[in-house]
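First the structure, in the form of structure tokens, and then the observations on it.
In what follows, every heavy atom counts, from backbone to side chain, and hydrogens, waters and symmetry copies are set aside. In what follows, every chain begins at residue 1, and chains take the letters A, B, ... in the order their sequences are listed.
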There are 2 protein chains.
Amino acid sequence: MQLQEAQEKFIQSWGTLGSHWGINRTMAQVHALLLISAKPLSAQEIMDALKISSGNANMNIRALIDWGLVFKELKPGERKEFFVAEKDMWEVIRKIIIQRKKKELEPVIKVLNDVSTVDENTPEAEEFVRVVQDIRLFAQKADSTLEGLVKSDQKWFVGTFLNMIK
Amino acid sequence: MQLQEAQEKFIQSWGTLGSHWGINRTMAQVHALLLISAKPLSAQEIMDALKISSGNANMNIRALIDWGLVFKELKPGERKEFFVAEKDMWEVIRKIIIQRKKKELEPVIKVLNDVSTVDENTPEAEEFVRVVQDIRLFAQKADSTLEGLVKSDQKWFVGTFLNMIK
DNA sequence: CACTACTTTCAAAAGGTTTTGAAAATACAA
DNA sequence: TTGTATTTTCAAAACCTTTTGAAAGTAGTG
């Protein structure tokens, strides 16, 4: 397979995957492009490579920087900005977990805590509290596991992960 | 807090969470409604409770059945169908993992395998293959871990999960 | 069979998200 | 300061997904 074809396939595929993971298609494609680039790219190069508008490029590069998946790099003597991707896959996963935990898991736990204060004075209320408690327990377990994972270093995670599959 | 308010909050919250997990809003709300219902509900009851159309209800109930998150229940002497949710949270997670693994992880692994056959005859090609191999390793590790998890029983998973956080 | 209750389909409408690109803002250089 | 390259903003347009609801289909009942 030719390099260019392979690169395009990879970018498409990463875009599709990203869109299922709270990262929009273009954002994931920009990340993919930077991942496989041997050198930092300018906004213009990204726009050209992916055939996207300046607004779109700007917005998604910014979001990637917010997520900690891309870094700005300034070259001495160059006015324009260049961008490089976080290439360590474990770091990438960690960064995504941090965002999603904050935006999804934590709000849900808050709601579960709130609603579990309902009075158990009818069979319906009992069933409700039972289900909510069950989910709450699970959510808290997931939360502390992910918290540990985020704080841990790479080696520990790889080791534990491998242990799981034995 | 009143039961009804708590139920509505829970359904909204589950809907929002679901929409980040490849389960559309309404589908997740139907699941939430059935989760906290002490008895099986008919399509009409679901339509009324969530104020959705028959087409919408039908489509999402079907999808939930496909995912194995909801079961059809027939009551003797009743013509209409009733529905109950899978209430075991570990089962719910397993069912979701099965779907997402099949629809997301497996296609990506296929693409990674394909594109890693590119010739390493330039620095760009070398960088590309290096990044792809790295991701491939990770993806395969994730795949086998999830496969193990899906095949495992609940206790093993809880145990391992807890061990991870120590 | 005809009637009725219920389920399913699907084209059109609504709703939501992403993208565009022109204009404005910024920042450096001369 | 003026000119130029670059980045940022944002309203409108394009695009994609979900929802509606009427009509068609299905199946049990008398």
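- Taking atom CD1 on B:Ile23 and atom C1' on D:dT18, their separation rounds to 16 Å, with Å as the unit.
- For the pair A:Val108 and A:Ile135, the minimum side-chain heavy-atom distance is 4.5 Å or more.
- If you take CZ of B:Arg25 and P of C:dG16, they are 9 Å apart, rounded to a whole angstrom.
- Between A:Lys75 atom NZ and C:dA27 atom P the separation is 22 Å, expressed in whole Å.
- Here A:Lys72 lies out of heavy-atom contact (under 4.0 Å) with every strand.
- When each of D:dG21, C:dT18, D:dT8 is scored by its nearest atom to the side-chain atoms of A:Arg62, the top-ranked nucleotide is D:dT8.
- Along DNA chain C, the nucleotide nearest to B:Ala43 and the one nearest to B:Asn56 differ in position, and the one closer to the 5' end is contacted by B:Ala43.
- In this structure, A:Thr26 reaches the C:dT19 phosphate: one of its side-chain N or O atoms is under 4.0 Å from OP1 or OP2.
- At D:dT4, none of the side-chain N or O atoms of A:Arg79 fall inside 4.0 Å of OP1 or OP2 (strictly under the cut-off).
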- request: Apply salt bridge (charged side-chain N to carboxylate O under 4.0 Å, His left out) to A:Lys110 and A:Glu106, showing your working.
  value: CA-CA 6 Å; A:Lys110 193 183 170 317; A:Glu106 287 167 13; over 6 Å; no
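- Counting any heavy atom pair closer than 4.0 Å across all strands shown, A:Glu81 reaches sugar-phosphate atoms only and no base atom.
- Of the two residues near DNA chain C, B:Lys80 and A:Ala57, the one whose nearest nucleotide lies more 5' is B:Lys80.
- Listed nucleotides: C:dT19, D:dT20, D:dT8. Nearest to the side chain of B:Ile52: D:dT20.
- Of the charged side-chain nitrogens involved, none lies within less than 4.0 Å of a carboxylate oxygen, so that B:Asp66 and B:Arg62 do not count as a salt-bridged pair.
- Between the CG atom of B:Asn58 and the P atom of D:dT26 there is a distance of 14 Å, given to the nearest Å.
- Under 4.0 angstrom from either OP1 or OP2 of C:dC6 there lies no side-chain N or O belonging to B:Ser54.
- Judged by distance alone, the side chain of A:Ser37 and the main-chain N or O of A:Leu33 form no donor-acceptor pair under 3.5 Å.
- For the pair B:Ile61 CD1 and C:dC6 P, the computed distance is 14 Å after rounding to whole Å.
- Taking 4.0 Å as the cut-off between side-chain N and carboxylate O, A:Lys39 and B:Glu127 do not count as a salt-bridged pair.
- In this structure, the CZ atom of B:Phe82 is 15 Å from the P atom of C:dA5, given to the nearest Å.
- Atom C1' of nucleotide D:dT9 and atom CE of A:Met59 are separated by 11 Å, given to the nearest angstrom.
- Separating the CG atom of B:Asn24 from the C1' atom of D:dC16 is a distance of 13 Å, rounded to the nearest angstrom.
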